[in-house]
Amino acid sequence: MATRQDKREMSGTNFDGGFDALSCKDNNEEHPPYPPSNHGSQSNVWQVILAVLAVVLLIVDISLGAHYKILTDTHLTAEDVEQIRSEVTYLEDSYKNVTTTMQEAQKQLDSEMGSQTETNWELEHQNKRQTDYKAQMDKMKNDIASMRTDLSMIVGGCRHCPPGWILMNSVCYYFSFSESAGLKTWNKARDFCKMYGGDLAVIDSKDKENATVKILLNNEDLSKPLNGFWIGLRDSDQEGTWKWLNGTVLVEGYWNDGEPNDANDEDCAAVYAKENFFKAWNDFTCGATMKWICEKAPTSTS
Ligand SMILES: *[C@@H]1O[C@H](CO)[C@@H](O)[C@H](O)[C@H]1NC(C)=O
Ligand SMILES: *[C@@H]1O[C@H](CO)[C@@H](O)[C@H](O)[C@H]1NC(C)=O
Ligand SMILES: *[C@@H]1O[C@H](CO)[C@@H](O)[C@H](O)[C@H]1NC(C)=O
């Protein structure tokens, strides 16, 4: 719209200016631009050049005039202007929408790539599990009876955890994050938990493992060497049979690659703030000093 108007104005200016200049030169025969006496032949050449220029200008002016007429005939009514304006607005809207859609698509792509990684981890983990699945089945059969013990359900009342403990899925947990808590051997850590009527934490499901490691990831300074946190799992009979504190045989472990390796009599298990929580465990000598995680049932008051 603006461009067309500009063109029209420009062509108008050229038309007037060009024609005026032309007629001015043509009618000024009595005041020739150069004295004819000294430069007779040169003056003739100039006159020819001027005449040619005049013709060229005339042709240019005529064609510009014709162009101007076409533009005038194009008939731009107020509705046309309005329509063009709304088309421009529509195009701007479309552009914004496309930009927004692209940004959203990018976000979605990013988040799907994220969950894809975790899915791959899980797949890798499951493949690894499958190889010793049969052995695990035997262990599970042996322990099926002990697996069927009563779960003490808390009926009614408020559930309380000691100060500094957190309630997660109806269980109180203690993570020895603070510097002042220091480091303890597996047995000393266990004593600490028992002092509160609890014990070292049992992480016997994927969801517990996921939640535990997420808490570690959220609270540990990941730029420093990672702390290990003792859990209630040990290799009690020196035969590589890992058992939870209550005697249940380990069914599904979340060991790091190559662990447990039982190097130097490593008979106690610790969990780390590893992003791939399926590979967050390591075995250590029980006398090593580490941080630790306790669990206990909440006390209820009614
Ligand atoms: C842009 O998106 C809005 C709402 O998302 C919608 O109402 C509008 O019609 C869209 N505009 C175009 C030009 O697609
Ligand atoms: C040991 O603890 C786990 C988790 O708390 C529980 O599922 C299991 O039944 C317990 N086994 C025994 C023998 O108490
Ligand atoms: C781990 O827990 C988070 C929520 O904290 C959940 O979004 C994610 O799907 C869980 N991962 C697995 C493999 O269960």
Side-chain angles (χ1 to χ4, degrees), residues 103-137 139-140 143 147 151 153-154 159-162 164-178 193 198-233 242-246 248-260 269-283 290-298:
Q103 284 166 346
E104 275 163 10
Q106 185 62 45
K107 267 187 222 153
Q108 180 142 4
L109 189 66
D110 288 348
S111 86
E112 274 174 13
M113 299 270 277
S115 63
Q116 175 93 40
T117 309
E118 202 156 271
T119 311
N120 284 342
W121 288 343
E122 180 158 20
L123 200 65
E124 186 191 350
H125 170 75
Q126 294 298 355
N127 285 341
K128 189 173 143 191
R129 277 195 70 205
Q130 200 134 3
T131 57
D132 55 358
Y133 181 66
K134 202 177 177 312
Q136 284 175 355
M137 276 288 284
K139 281 182 184 175
M140 281 166 79
D143 288 288
M147 296 274 281
L151 287 176
M153 300 296 289
I154 294 144
R159 288 182 292 240
H160 289 288
C161 293
W165 292 54
I166 55 169
L167 185 66
M168 194 165 67
N169 275 324
S170 306
V171 180
C172 298
Y173 288 94
Y174 171 83
F175 292 78
S176 70
F177 287 126
S178 79
C193 300
D199 212 331
L200 286 170
V202 172
I203 306 176
D204 58 351
S205 75
K206 187 184 81 175
D207 288 341
K208 282 187 194 172
E209 171 73 1
N210 188 354
T212 305
V213 174
K214 289 249 149 68
I215 290 174
L216 294 182
L217 284 168
N218 288 338
N219 289 278
E220 282 276 279
D221 181 353
L222 301 178
S223 64
K224 291 185 183 165
L226 292 181
N227 286 306
F229 286 75
W230 289 129
I231 54 176
L233 178 69
W242 289 83
K243 287 185 181 169
W244 294 111
L245 292 175
N246 63 10
T248 308
V249 172
L250 172 68
V251 173
E252 179 174 3
Y254 305 96
W255 300 104
N256 197 0
D257 291 333
E259 303 290 341
V271 61
Y272 282 79
K274 275 198 70 177
E275 208 178 335
N276 180 352
F277 66 78
F278 292 108
K279 295 184 175 181
W281 294 1
N282 204 344
D283 60 338
M290 303 247 182
K291 295 202 166 284
W292 66 95
I293 306 169
C294 305
E295 72 171 49
K296 79 185 281 288

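Numbering of ligands and ligand atoms starts at 1, following listing order.
- Separating the CD1 atom in Ile231 from the CH2 atom in Trp292 is a distance of 15.5 Å, to the nearest 0.5 Å.
- Residue Asn218 qualifies as enclosed at atom CG: its count of foreign heavy atoms under 6.0 Å is above 12.
- In plain terms, the two heavy atoms of Leu217 and Ala273 that are nearest each other are CD2-O, 3.3 Å.
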Show me a pair-per-line table, with atom names and distances to 0.1 Å, of protein N or O atoms that are under 3.5 Å from an N or O of ligand 3.
unit_1	atom_1	unit_2	atom_2	d
ligand 3	2 (O)	Asn210	OD1	3.2
ligand 3	2 (O)	Asn210	ND2	2.3
ligand 3	11 (N)	Glu118	OE2	3.1
ligand 3	11 (N)	Asn210	ND2	3.0

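- The two residues Lys208 and Val202 have their closest heavy-atom pair at CD-O, 3.7 Å.
- Smallest separation of non-hydrogen atoms from Lys296 and Gly198: CB-CA, 3.6 Å.
- Trp242 has its ring centre no less than 6.0 Å from the ring centre of Trp281.
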